[in-house]
2 protein chains.
Amino acid sequence: MTNTTLTPAQMAERTGVSLDTLRYYEREGLLDDVERADNGHRRYSEDDALWIEVLRCLRATGMTIEQLRHYCELGAQGDTTKPERRQILLDHRRLIERQIEERREALRLVDHKLEHYREIT
Amino acid sequence: MTNTTLTPAQMAERTGVSLDTLRYYEREGLLDDVERADNGHRRYSEDDALWIEVLRCLRATGMTIEQLRHYCELGAQGDTTKPERRQILLDHRRLIERQIEERREALRLVDHKLEHYREIT
DNA sequence: CAACAAGCTGGAGTGCACTCAAGGTCAAGT
DNA sequence: ACTTGACCTTGAGTGCACTCCAGCTTGTTG
């Protein structure tokens, strides 16, 4: 759809994912094979950028490479896998909510410990 | 203060930290040397239990073993290190808040993707 | 045209936080 | 007396997710 192309360096800059990691994700099947320029260099599309953002976000919230690979494989298998993919997202959503709750508790605990330190800066 | 003692198994059960990990934390200096029964077996105090809860919580929110060790070393050095320990907690507090924010964004993104899947089930 | 930057591949290496294994002690139960 | 189970120590092994390296090609710049 979008033909804007991004070099690996631009993609790394934009998404905060390192060059090595971008290549690693592609090798692991988390990224459809990326377009190439005539010289063989990768040219990422705008859609790639959006998907890599999603990858970054799911990774940052604890989805494993293995789970992401599975999700991608399902996507490649077509529409019949939609319910399963949806379920994966729902499950991960609940995980994220638990993480938020866990962190709220952590804040409480840290604040409690900090009261112990009320003193000079 | 509290003399209630807990066996390793009880402590693992109570804190959700495995036996191996409890020993590992002690080896790494994250735990003051634990009391021993006559037979050499560990006997954790109620205070140990509270501290292990703190460890679990700080670990779960991304503090590294190295940072925890440093925090413990400061504690062992006495009251003059209080400001630095306080600062460590303040820094970690900000980290946790960023994690919560990151996860709120992740929820938005996942929800957005889920809209794509509004369908059966 | 030389030199440098950017990227390529395949494969090896790294760091972290556990986790497991081997061989032993000790107390209690049968 | 023997077995079981909980625990001990030292040291090695594991899994994950990168991250780095060597040696190469290609395109640009002074």
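No hydrogens, no waters, no symmetry mates; every other heavy atom, side chains included, goes into these values. In what follows, every chain begins at residue 1, and chains take the letters A, B, ... in the order their sequences are listed.
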>> Run the side chain to side chain donor-acceptor pair (under 3.5 Å) test on Gln67(A) and Thr64(A) for me, step by step, so that the C-alpha distance in whole Å, both residues' side-chain angles and the decisive distance to 0.1 Å come before the verdict.
In response: CA-CA 5 Å; Gln67(A) 289 169 317; Thr64(A) 66; 3.3 Å; yes
> Can you find a side chain N or O atom of Arg23(A) that sits less than 4.0 Å from OP1 or OP2 on dT9(C)?
Replying inline: no
> What does Arg43(B) touch in the nucleic acid at a heavy-atom separation under 4.0 angstrom: a base, only the sugar-phosphate, or nothing?
Replying inline: nothing
>> Regarding Ala37(A), tell me which of base, sugar-phosphate or nothing describes its non-hydrogen contacts under 4.0 Å with the strands shown.
In response: nothing
> In residues 51-74 of chain B, what residues come within less than 4.0 Å of DNA chain C, judged by heavy atoms?
Replying inline: Arg59(B), Thr64(B), Ile65(B)
Between [X] ([atom1]) and [N] ([atom2]), how many Å, whole number?
{"X": "Glu26(A)", "N": "dG10(C)", "atom1": "CD", "atom2": "P", "value": "11 Å"}
{"X": "Tyr44(A)", "N": "dG7(C)", "atom1": "OH", "atom2": "P", "value": "9 Å"}
{"X": "Asp20(B)", "N": "dC18(C)", "atom1": "CG", "atom2": "P", "value": "11 Å"}
{"X": "Arg27(A)", "N": "dC8(C)", "atom1": "CZ", "atom2": "C1'", "value": "12 Å"}
{"X": "Leu19(B)", "N": "dA21(C)", "atom1": "CG", "atom2": "P", "value": "14 Å"}
{"X": "Asn39(B)", "N": "dG24(C)", "atom1": "CG", "atom2": "C1'", "value": "14 Å"}
{"X": "Glu28(A)", "N": "dG11(C)", "atom1": "CD", "atom2": "C1'", "value": "13 Å"}

> Contact boundaries of DNA chain D with chain B (under 4.0 Å, heavy atoms), 5' to 3'?
Replying inline: dA6(D) to dT9(D)
> Using a distance-only test with no angle check, is there a side-chain donor-acceptor pair under 3.5 angstrom linking Thr7(A) and His41(A)?
Replying inline: no
Measure from the side-chain N and O atoms of [X] to the backbone N and O of [Y], and report whether any donor-acceptor pair falls under 3.5 Å.
{"X": "Asp111(A)", "Y": "Arg108(A)", "result": "no"}
{"X": "Thr81(A)", "Y": "Glu84(A)", "result": "no"}
{"X": "Gln99(A)", "Y": "Thr61(A)", "result": "yes"}

> Which residues satisfy the side chain to side chain contact (heavy atoms under 4.5 Å, CB included) test with Cys57(B), sequence neighbours excluded?
Replying inline: Ala106(A), Leu109(A)
Thinking salt bridges, do [X] and [Y] make one under a 4.0 Å N-O criterion?
{"X": "Arg103(A)", "Y": "Glu101(B)", "answer": "no"}
{"X": "Arg69(A)", "Y": "Glu66(A)", "answer": "yes"}
{"X": "Glu97(A)", "Y": "Arg94(A)", "answer": "no"}

